[in-house]
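Quick note on labels: first sequence line is chain A, next is B, and so on, each numbered from 1.
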Amino acid sequence: MNIVISIIATFAAALFFGMQLSAPKRAVVISAILGLVGYFVFFICNEYTDNEYLAAFLGTLAACFPAEIFARIIKTPATVIIFISVIPLVPGVMIYQSMLFFAQNDFTEGSYQIMRTFIYSGAMAIAITISTILGKQLLAPIFKKIREKKHTNKA
Amino acid sequence: MFDEYLTLSLKLSSAMLKNGGETYRAEECARNILASGGATEIEVLALPTGLSVTAVHEGMVYTRVLSLKSRDNNLGNIDILNTISREVSAGKLLPAEALERISQIDSARMRPLIKTIFACISAASFTVMFGGGFYEFAFSLLIAFISQLFIAFLSKIGSLSFFSNMGGSMMTAVLARICCGFFPELNMAVIIIGGIIPLLPGLATINAIRDTLYGDLVSGAARGVEALLSAISIAAGIALVLSIGGVSV
């Protein structure tokens, strides 16, 4: 039951976040589903490997690389989808915890938490970087070929 | 005739930058439109704070410069502008019609109240996602509604986004502490976390990475600093409120 509730909550959070930023209707559901996929991958990796940085990396990659593909299919900028699909992975808990420790004057624990946040965000950034490079170098030529094929078929 | 293409390219690229599009996309849109207008030599330089376009058409050199101050995140507008640019460079849309459609974008914005309600539901869903129950959901909905109105008010009086984001995170933390003072069984952490996640600068970070990868180093660095400052101001707002009067977790 708990799992069902958290799946619905994650999906709703991403969906309404996208709608708040008035994302195009054809992109918002796909982005929310990708957000769910990314969070699911993150959750599984975190559970089995106990390495949150690796989990963040794989989760972001699972949310971003399909976003590059879908962006080219529905012809919308990839940022529109990526922005919504990575939102469940944003390290809000870590930021809150580090600020809590700073507010309690516990600077040792606070700086430990803030470094954790930095490395976690760095892992997400690397995943976004890799999916962008893959989209630019790998997907762009493939989709160009498909489009040319369509043109020749029409003619 | 070529003047229209020049105006369109400038308007479209600046709108793209204003709504949070990537720098390379803004440059590419301007370049495609000018090329479809028959320009031979085209140079476009887009920065987060300005835009300059130079084109040679029938032996004449045209240059236009535009400075940008306010920036916003609106994914729907990015998509619409991208479609317009595609259609113009494919020759399906005349520049005059395209200019008309760009000017309609601002008037056809979503009603602020609906936007606020969506933001509240999103924040409350994040609260549930991080382990909140039904009561946390309800309180988060209420708190997010008030802080969204506060953010809208702050961004009206002071245009800096750091300022309004910091105010929003402080408001969320203050209200969460007040509610938890009255109802001690509430989980304050998840309410605050749910409230701040939609404020964190996700789009600025993603764009900073993508700009840097596409070679727009100035834009990448500027947007990276913007994202960092924004995140720090949100975190500082929470730390300030939590430190007042001691924290009991």
Side-chain angles (χ1 to χ4, degrees), chain A residues 2 5-28 31 39 64 74-84 86-88 90-105 110 114 117 121 124-126 128-129 132-133 136, chain B residues 20-22 25 73-80 82-83 86 109-110 114-116 118-132 137 189-190 192-194 196-198 200 202-203 205-210 212-214 231 234-236 238-244 246-247 249:
Chain A
N2 267 339
I5 288 177
S6 54
I7 285 175
I8 293 172
T10 312
F11 183 74
L15 186 74
F16 283 102
F17 182 70
M19 282 161 85
Q20 178 214 340
L21 291 156
S22 57
K25 285 191 185 65
R26 61 184 198 281
V28 74
S31 332
Y39 192 68
C64 286
I74 64 174
K75 291 206 172 57
T76 188
T79 0
V80 171
I81 300 183
I82 291 177
F83 185 31
I84 303 170
V86 298
I87 198 78
V90 166
V93 182
M94 292 182 187
I95 291 179
Y96 173 78
Q97 277 173 347
S98 47
M99 287 306 125
L100 191 65
F101 284 120
F102 282 129
Q104 288 168 329
N105 265 332
I114 208 94
T117 316
S121 323
M124 283 180 72
I126 294 169
I128 296 171
T129 308
T132 305
I133 292 176
K136 203 171 130 186
Chain B
E22 302 121 297
R25 195 177 294 281
N73 294 342
N74 191 322
L75 302 178
N77 285 358
I78 298 177
D79 181 60
I80 293 169
N82 193 46
T83 316
R86 258 173 213 283
R109 274 224 302 266
M110 209 196 292
I114 296 177
K115 209 173 158 175
T116 312
F118 284 157
C120 298
I121 300 174
S122 167
S125 306
F126 276 119
T127 302
V128 176
M129 184 181 141
F130 289 113
F137 178 82
V190 291
I192 296 182
I193 293 165
I196 59 163
I197 282 188
L200 287 171
L203 190 58
T205 316
I206 293 168
N207 274 340
I209 297 167
R210 289 178 76 97
T212 312
L213 280 180
Y214 279 95
I234 288 166
I238 297 168
L240 195 63
V241 174
L242 288 179
S243 64
I244 297 169
V247 200
V249 184

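For residues 92-103 of chain A, no residue pair satisfies the salt bridge (Lys or Arg N to Asp or Glu O under 4.0 Å) rule, not counting sequence neighbours. Counting only residues at least two apart or in different chains, salt bridge (Lys or Arg N to Asp or Glu O under 4.0 Å) contacts with residues 16-27 of chain A comprise Arg26(A)-Asp79(B).
Only the side chain of Ile196(B) comes within less than 4.5 Å of a heavy atom of chain A; its backbone N, CA, C and O stay farther away. Contacts between Phe137(B) and chain A at a heavy-atom distance below 4.5 Å are absent for every atom of the residue. Proximity to chain B (any heavy atom under 4.5 Å) is shown, for Ala27(A), by neither the backbone nor the side chain. Neither the backbone nor the side chain of Val28(A) comes within contact range of chain B, judged by heavy atoms closer than 4.5 Å. Neither the backbone nor the side chain of Phe101(A) has a heavy atom closer than 4.5 Å to any heavy atom of chain B. Contacts of Leu213(B) with chain A are made by both backbone and side-chain atoms, with heavy-atom separations under 4.5 Å. Only the side chain of Ile84(A) has a heavy atom closer than 4.5 Å to any heavy atom of chain B. Of the two parts of Ile82(A), the backbone and the side chain both hold a non-hydrogen atom closer than 4.5 Å to a non-hydrogen atom of chain B.
Counting all heavy atoms, side chain and backbone alike, Thr129(A) lies closest to Ile209(B) at OG1-CG2, 3.3 Å. What you find for Pro77(A) and Ile78(B) is that their closest heavy atoms are CG-CG2, 3.6 Å. Taking each heavy atom of Val128(B) and Ala9(A) in turn, the nearest pair found is CG1-CB, 3.7 Å. The two residues Ala119(B) and Gln20(A) make their nearest non-hydrogen contact at CB-CD, 3.6 Å. Nearest heavy atoms, Leu242(B) versus Ala103(A): CB-CB, 3.7 Å.
The line from CD1 of Ile121(B) to CG of Leu15(A) is 9.5 Å long, rounded to the nearest 0.5 Å. Here Ile87(A) contributes atom CD1 and Ser122(B) contributes atom OG; the two are 7.5 Å apart, rounded to the nearest 0.5 Å. If you take CG on Leu200(B) and OG on Ser121(A), they are separated by 9.5 Å, rounding to the nearest 0.5 Å. Rounded to the nearest 0.5 angstrom, Arg210(B) CZ and Ile128(A) CD1 are separated by 9.0 Å. The CE atom of Met99(A) lies 11.0 Å from the CD1 atom of Ile234(B); values are rounded to the nearest 0.5 Å. Remark: Ile206(B) CD1 to Phe83(A) CZ distance equals 6.5 Å, nearest 0.5 Å.
Taking Ala239(B), Gly21(B), Ser125(B), Ala124(B) one by one and counting their heavy-atom pairs under 4.5 Å with chain A, the maximum is reached by Ser125(B).
You'll find the side chain of Thr10(A) stays beyond 4.5 Å of the side chain of Phe130(B), heavy atoms only. Contact of the Leu21(A) side chain with the Asn74(B) side chain is not registered, since no non-hydrogen atoms from C-beta on lie closer than 4.5 Å.
No donor-acceptor pair under 3.5 Å is formed between the side chain of Ser6(A) and the backbone N or O of Met129(B).
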* Could you please spell out the steps behind the side-chain contact (heavy atoms from CB on, under 4.5 Å) verdict for Tyr214(B) and Thr132(A)? => CA-CA 10 Å; Tyr214(B) 279 95; Thr132(A) 305; 4.0 Å; yes
* Show your reasoning for whether side-chain contact (heavy atoms from CB on, under 4.5 Å) applies to Asn82(B) and Thr76(A). => CA-CA 7 Å; Asn82(B) 193 46; Thr76(A) 188; 5.6 Å; no
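Phe17(A) and Phe126(B) have perpendicular rings, their planes meeting at more than 60° on a 0 to 90° scale where under 30° would count as parallel.
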